[in-house]
Amino acid sequence: KAVSTAASQVPRYVRVNILKTCVDDVIEFFKRQGYAYLGKAASVEELKALSGKKFLLDLHLPELLVFPSQTDLHDNLLYTSGHIILQDKASCLPAFLLGPVAGSHVIDACAAPGNKTSHLAAILKNKGQIFAFDVDPKRVATMNTLLTRAGVTGCQLVQQDFLTVDPGDRKYSRVTHILLDPSCSGSGMVTRGPGEEAAPSAERLQALAGFQRRVLSHALSFPALQRLVYSTCSLHQEENEDVVQAVLQEWGSAFRLVTAFPSWPCRGLAAFSGAESCLRASPAETLTHGFFVAVLERCREGAAAPS
Ligand code: SAM
């Protein structure tokens with residue numbers, strides 16, 4: 001069931017788009033608009049206590065500002081000009097934890113509407129190459145607008161089923177990092193308005209998990225891949241730990257889980273030994289949407305695809 005309890009407690013997170021501006025300038029802008037800047041938060045409790053026209057710098061992510069949950073910035077000039085991105089904190093974790101260095105070649109496999117892609121471009125400082133795929137033409141069109149507004153260059157956006165992208169194509173021979181944020185049940189999404197989505201049926205969960213396993217395994221078959229982040233906004237173990245476990249088993253010793261954000265308080269469910277390397281996020285524990293992230297790394301060069 002979509003999370004509604006504690007929804008009103010989730011703050012308004014604002015990612016500073018460092019392709020267009022910097023944190024200090026954005027802080028000054030908001031101060032001029034009458035907001036009081038309280039400095040860097042030391043705890044999640046401080047974020048929870050925010051009210052009125054006050055804001056903080058997040059304690060975990062360097063370019064993330066935090067405002068009270070009822071703050072609406074959709075008409076703010078900084079937002080309409082792409083200087084800030086309104087993106088939940090949990091959704092900022094995948095690109096941050098993938099952490100490609102400038103100049104890297106990166107795939108964003110299920111990319112639209114593109115908030116994580118623009119975050120990746122910012123981390124790369126627009127240096128390198130992003131190949132972004134999405135199967136849905138409407139979402140690709142929206143993403144084009146968003147990337148342009150965010151000042152993203154060096155990103156090839158392709159409307160294509162990622163499962164049909166050939167890992168052997170020389171175009172991708174330097175792809176060392178993949179961000180995989182596939183379609184999921186969305187059961188972790190906080191609904192701010194009325195109306196909750198029904199819980200996904202067992203059949204739907206099974207279908208989603210099947211797709212997620214296929215697409216994760218496909219991503220691991222890119223020959224130069226070193227690091228991959230798998231994320232969902234689902235609360236269901238079937239779409240999260242179970243997918244990671246199944247695909248890691250399929251690939252034998254070729255890939256391993258690395259501890260995602262060691263100081264993050266909320267860990268993967270103990271579905272298998274090592275699952276605590278994954279992280280989870282939730283309104284109650286981390287003041288974010290419900291989310292899951294796993295970071296995988298290649299163990300050794302030249303690992304063969306599973307038979
Ligand atoms: N990463 C995006 C962001 O942060 O803005 C959100 C991605 S959303 C959770 C999942 C996306 O996967 C959807 O836009 C959907 O159209 C796309 N998708 C689903 N199946 C796909 C496939 N086989 N190949 C590529 N994209 C796919």
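All residue numbers refer to positions in the sequence shown, counting from 1. Atoms within each ligand, like the ligands themselves, are counted from 1 in listed order. Just the heavy atoms: all of them, side chains too, but no hydrogens, waters or symmetry mates, feed the values below.
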Query - atom 20 (N) of ligand 1: nearest protein contact (heavy atom, Å) - result: F211 CZ, 3.4 Å
**Report entry** ligand 1 versus A109: contacting region, heavy-atom distance under 4.0 Å
**Finding:** backbone
Query - Q237 and D242 side chains, donor-acceptor separation under 3.5 Å - result: yes
Query raised in the report: Is ligand 1 under 4.0 Å from a heavy atom in the side chain of K116, in the backbone, in both, or in neither?
Result: both
Requested in this report: May I ask you to say whether E297 pairs ionically with R256, meaning some side-chain N is under 4.0 Å from a carboxylate O?
Outcome: yes
Requested in this report: For atom 24 (N) of ligand 1, find the nearest protein heavy atom and state the residue, atom name and distance (0.1 Å precision).
Outcome: F162 N, 2.8 Å
Query - Min side-chain heavy-atom separation C233-C184 under 4.5 Å - result: yes
Requested in this report: Determine whether F211 and V244 fall in the same hydrophobic cluster, where Ile, Leu, Val, Met, Phe, Trp and Tyr are linked whenever their side-chain heavy atoms lie under 4.5 Å apart.
Outcome: yes
Query raised in the report: For ligand 1, which atoms, with element, lie under 4.0 Å from some heavy atom of D136?
Result: 16 (O)
Query raised in the report: Which heavy atom of the protein is the closest neighbour of atom 27 (C) of ligand 1, given with residue, atom name and distance?
Result: V135 CG1, 3.6 Å
Query raised in the report: Does the side chain of H83 come under 3.5 Å of the side chain of T21 through a donor N or O and an acceptor N or O?
Result: no
Query raised in the report: Should the ring pair F261 and W264 be called parallel, tilted or perpendicular, given that the plane angle runs from 0 to 90° and is split at 30 and 60?
Result: tilted
Requested in this report: Determine yes or no for a side-chain-to-main-chain donor-acceptor pair under 3.5 angstrom, with R267 supplying the side chain and R280 the backbone.
Outcome: no
Query - Salt bridge K89-D58, side-chain N to carboxylate O under 4.0 Å - result: yes
Report task. Under 4.0 Å from a heavy atom of Q160: give me the atoms of ligand 1 that qualify, with their elements. Result -> 24 (N), 25 (C)
Requested in this report: Measure the distance from atom 19 (C) of ligand 1 to every protein heavy atom, then report the residue, atom name and distance (to 0.1 Å) of the closest one.
Outcome: S183 OG, 3.2 Å
Query raised in the report: Hey, which atoms in ligand 1 end up nearer than 4.0 Å to a heavy atom of G114?
Result: 3 (C), 5 (O)
Query raised in the report: So is L163 polar-close to ligand 1, meaning N/O to N/O under 3.5 Å?
Result: no
Query raised in the report: For C233, is the nearest heavy atom under 4.0 Å from an atom of ligand 1?
Result: no
Report task. Using distance alone, decide if ligand 1 has a nitrogen or oxygen within less than 3.5 Å of any nitrogen or oxygen in A112. Result -> yes
Query raised in the report: Going by heavy atoms, is S91 under 4.0 Å from ligand 1?
Result: no
Requested in this report: State whether the shortest distance between N or O atoms of P182 and N or O atoms of ligand 1 falls below 3.5 angstrom.
Outcome: no
Report summary line: heavy-atom search around atom 16 (O) of ligand 1 in the protein gives D134 OD1, 2.7 Å
Requested in this report: Assess whether ring-ring contact (aromatic ring centres under 6.0 Å, His included) is satisfied between Y79 and H74, documenting all intermediate values.
Outcome: CA-CA 6 Å; Y79 174 67; H74 285 88; 5.5 Å; yes
Report summary line: atom 23 (N) of ligand 1: closest protein heavy atom, distance to 0.1 Å, is D161 OD1, 2.8 Å
**Report entry** Residue part near ligand 1, for C184, under 4.0 Å between non-hydrogen atoms
**Finding:** neither
Query raised in the report: So, R149 and S118: side-chain donor and acceptor under 3.5 Å apart, yes or no?
Result: no
Query raised in the report: Step by step, would you call Y35 with F67 a ring-ring contact (aromatic ring centres under 6.0 Å, His included)?
Result: CA-CA 9 Å; Y35 288 88; F67 291 76; 5.3 Å; yes
Report task. May I ask whether H119 has any heavy atom positioned less than 4.0 angstrom from an atom of ligand 1? Result -> no
Requested in this report: Looking only at distances, please establish whether an N/O atom of ligand 1 is found under 3.5 Å from an N/O atom of C110.
Outcome: yes
Requested in this report: Check M143 against ligand 1 and report side chain, backbone, both or neither, counting heavy atoms closer than 4.0 Å.
Outcome: neither
Query - D75 atom CG, over 12 foreign heavy atoms within 6.0 Å - result: no
Query raised in the report: Can you tell me the protein heavy atom closest to atom 1 (N) of ligand 1 and the distance?
Result: D181 OD2, 2.8 Å
Query raised in the report: Near K125 NZ, under 6.0 Å, is it more than 12 heavy atoms from other residues, nucleotides or ligands?
Result: no
Report task. Using a strict cut-off of 4.0 Å, indicate which atoms of ligand 1 neighbour a heavy atom of R139. Result -> 8 (S), 13 (C), 14 (O), 16 (O)
